[in-house]
Asker: 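After the structure tokens below, expect a handful of questions from me.
When a ligand or atom number is given, it counts from 1 through the structure's own listing order.
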Amino acid sequence: MSERSEQPPSTAEETSLPSEGRPTEAELALYDLDYVPPGHKSGFVAVIGRPNVGKSTLMNTILGQKVAIVSPKPQTTRNRILGILTRPHYQVIFMDTPGIHRPKHKLGEYMVHTATRTIPDADVILFVVDVSVLPTDEDQMIARLITRRKGEAPVLLVLNKMDLLPAARVERHTKAYWALVEHRAWMMTTATTGENVDKLLDQIVEALPEGPRYYPGDQVTDQTEREIAAELIREQVLRYTRQEVPHSVAVVVEEFKERREDLIYVAANIYVERESQKRILIGANGRMLRQIGTAARQEIERLTGSRVYLDLWVKVRKKWRRKEQELRRMGYRLR
Ligand SMILES: Nc1nc2c(ncn2[C@@H]2O[C@H](COP(=O)(O)OP(=O)(O)O)[C@@H](O)[C@H]2O)c(=O)[nH]1
Ligand SMILES: [Mg+2]
């Protein structure tokens with residue numbers, strides 16, 4: 001915080017004086033796309049890796065807020081999500097991506113395509129792996145994709161989940177990952193606690209080219225409030241359901257509007273592929289849906305800073321993950 005907050009103005013009148021509470025030069029400059037200090041660095045950082053290694057957690061930790069939802073289930077992230085970090089002398093634009101894997105349906109294909117096409121757009125590639133286990137064939141596949149990339153974007157290797165790596169395996173595992181792909185630098189991190197994440201950020205900024213500020217300083221993501229709300233609902237569905245249900249779920253926010261000054265009305269459909277999944281989601285006497293609804297509402301209230309009325313409906317769309325047209329309706333379109 002600034003010093004101003006330590007010395008509250010003595011009267012209400014003072015607060016309205018133009019000299020009080022005015023942003024400093026440096027603060028103003030953050031929001032001014034045309035003002036770029038000499039040596040300003042910026043660029044797009046593709047966060048790639050196989051499912052569940054901690055890509056979204058890492059981005060959220062760096063940004064200091066939840067921009068992408070996270071869950072212990074693989075394939076949580078479905079779209080490319082921007083996370084923007086603006087500081088006086090740099091702007092890092094993270095592109096969080098779905099995990100690269102061997103797709104089994106149209107949704108999977110869409111996800112892998114979304115992830116791989118960030119590679120040529122990137123100024124820096126963050127290749128995130130789970131260092132607590134040895135490289136898998138998916139890691140190898142991603143390493144090949146990176147090696148074959150066109151252009152010069154440097155690769156930073158992130159050995160995440162260091163907290164789960166037993167000391168006796170440190171050498172063997174790190175060597176295996178170092179050998180996987182040519183990289184400019186590497187860092188061992190624990191994304192959940194933030195261990196070494198600041199050092200990784202230094203490496204990222206170091207690797208960025210000089211460039212303009214692409215987004216205003218107060219913009220943290222490219223998702224709309226509606227899209228984030230839909231994701232927060234899906235996050236709770238992932239949290240409370242098991243087995244095949246999580247992957248069969250899509251959430252679409254149909255309405256998002258301020259009913260009163262202090263109340264936002266949100267209506268959303270949760271789509272599943274089968275009647276049996278719908279029954280699971282609703283639960284005995286509607287208990288499951290209430291649980292999901294309450295938790296999601298609290299998350300949306302945190303996001304908006306307002307009270308929220310959440311109206312949730314569960315609907316069946318047979319095999320939506322396999323149909324192009326249905327994917328588009330659920331909001332999964334290449335952008
Ligand atoms: N122990 C541990 N768990 C982590 C770490 N980073 C992420 N996770 C967990 O791994 C799971 C997958 O994380 P997520 O960010 O969704 O992975 P993504 O699929 O690569 O985006 C979640 O349960 C996270 O809490 C870490 O450094 N250590
Ligand atoms: Mg993710």
Side-chain angles (χ1 to χ4, degrees), residues 45-83 94-103 107-108 110-119 125-133 135-136 138-139 141-143 145-146 156-167 169-170 173-174 177 186-201 220-223 227-228 230-242 246-247 249-251 295 299 331-332:
V45 177
V47 186
I48 65 169
R50 63 181 174 80
N52 229 24
V53 293
K55 298 179 293 300
S56 299
T57 308
L58 183 68
M59 184 177 83
N60 290 340
T61 300
I62 294 178
L63 296 174
Q65 60 178 286
K66 193 196 290 179
V67 164
I69 62 166
V70 164
S71 95
K73 285 149 190 144
Q75 299 168 31
T76 299
T77 308
R78 287 177 177 170
N79 275 317
R80 190 216 61 194
I81 292 172
L82 292 191
F94 293 96
M95 303 185 281
D96 184 23
T97 65
I100 295 177
H101 62 285
R102 296 183 196 287
L107 176 63
Y110 164 84
M111 287 160 62
V112 172
H113 185 60
T114 300
T116 51
R117 68 184 217 143
T118 62
I119 295 176
I125 294 169
L126 271 200
F127 180 15
V128 186
V129 301
D130 176 353
V131 75
S132 71
V133 294
T136 66
E138 282 172 341
D139 289 312
M141 180 171 92
I142 298 164
L145 276 174
I146 291 175
L156 304 182
L157 184 59
V158 184
L159 309 179
N160 192 39
K161 304 204 183 183
M162 148 177 115
D163 56 319
L164 301 179
L165 175 63
R169 294 199 201 134
V170 171
H173 287 205
T174 46
Y177 283 106
W186 62 276
M187 186 57 65
M188 217 185 281
T189 58
T190 303
T192 38
T193 63
E195 182 87 34
N196 284 347
V197 165
D198 50 343
K199 292 182 194 142
L200 173 65
L201 181 59
V220 184
T221 183
D222 62 339
Q223 303 169 94
E227 288 168 329
I228 302 177
E231 286 288 271
L232 291 172
I233 296 165
R234 195 164 62 83
E235 183 177 48
Q236 296 307 323
V237 174
L238 295 182
R239 179 172 156 199
Y240 286 107
T241 59
R242 260 154 257 300
H247 297 302
V249 165
V251 177
E299 286 286 330
Y332 300 112

Asker: Any idea which of L165, N52, T189, T57 brings a heavy atom closest to atom 15 (O) of ligand 1?
Answerer: T57
Asker: Find all atoms of ligand 1 within a distance of less than 4.0 Å from any non-hydrogen atom belonging to P72, and give their numbers and elements.
Answerer: 23 (O)
Asker: Under 4.0 angstrom from ligand 1, any heavy atom of T76?
Answerer: no
Asker: Anything protein N, O or S sitting under 2.8 Å from the Mg ion (ligand 2): count it and give me the total.
Answerer: 2
Asker: Can you name the atoms of ligand 1, numbered from 1 with element, that are less than 4.0 Å from a heavy atom of S56?
Answerer: 15 (O), 21 (O)
Asker: Assess the side chains of T57 and N60: does a donor N or O sit below 3.5 Å from an acceptor N or O?
Answerer: no
Asker: Give me the atom names and distance for the closest heavy-atom approach of V197 to A191.
Answerer: CG2-CA, 4.4 Å
Asker: So, for P51 and E138, which heavy atoms are closest and what is the spacing to 0.1 Å?
Answerer: CD-OE1, 4.0 Å
Asker: Around atom 17 (O) of ligand 1, find the nearest protein heavy atom and jot down its residue, atom name and distance.
Answerer: G54 N, 3.1 Å
Asker: Which atoms of ligand 1 sit under 4.0 Å from any heavy atom of L164?
Answerer: 1 (N)
Asker: Applying side-chain hydrogen bond (donor to acceptor under 3.5 Å, both in side chains), can you list everything that pairs with T174, at least two apart in sequence or on another chain?
Answerer: none
Asker: Just to confirm my output: which protein heavy-atom neighbour is closest to atom 3 (N) of ligand 1, and how far is it?
Answerer: T192 CG2, 3.9 Å
Asker: Please report the shortest heavy-atom distance between R78 and L107, naming the atom on each side.
Answerer: NE-CD2, 3.7 Å
Asker: Kindly confirm or rule out an N or O of V70 lying under 3.5 angstrom from an N or O of ligand 1.
Answerer: no
Asker: I need the atoms of ligand 1 closer than 4.0 Å to a non-hydrogen atom of K55, numbered in the order shown.
Answerer: 15 (O), 17 (O), 18 (P), 19 (O), 20 (O), 21 (O)
Asker: If you measure from each heavy atom of S71 to ligand 1, is any distance below 4.0 Å?
Answerer: yes
Asker: Please report whether ligand 1 has a polar contact with A191, defined as an N or O pair separated by less than 3.5 Å (distance criterion only).
Answerer: yes
Asker: Mind checking whether T190 contacts ligand 1 via backbone (N, CA, C, O), side chain (CB onward), both or neither, at a 4.0 Å heavy-atom cut-off?
Answerer: both
Asker: Quick test: of every protein heavy atom, which one is nearest to atom 6 (N) of ligand 1, and how far off is it to 0.1 Å?
Answerer: N160 ND2, 3.2 Å
Asker: What's the shortest distance from atom 10 (O) of ligand 1 to any protein heavy atom, and which residue and atom give it?
Answerer: K161 NZ, 3.1 Å
Asker: For atom 28 (N) of ligand 1, what's the nearest protein heavy-atom neighbour? Residue, atom name and distance, please.
Answerer: D163 OD1, 2.8 Å
Asker: Hey, which of T97, T221, T114, V47 is the one that makes side chain to side chain contact (heavy atoms under 4.5 Å, CB included) with I81?
Answerer: T221
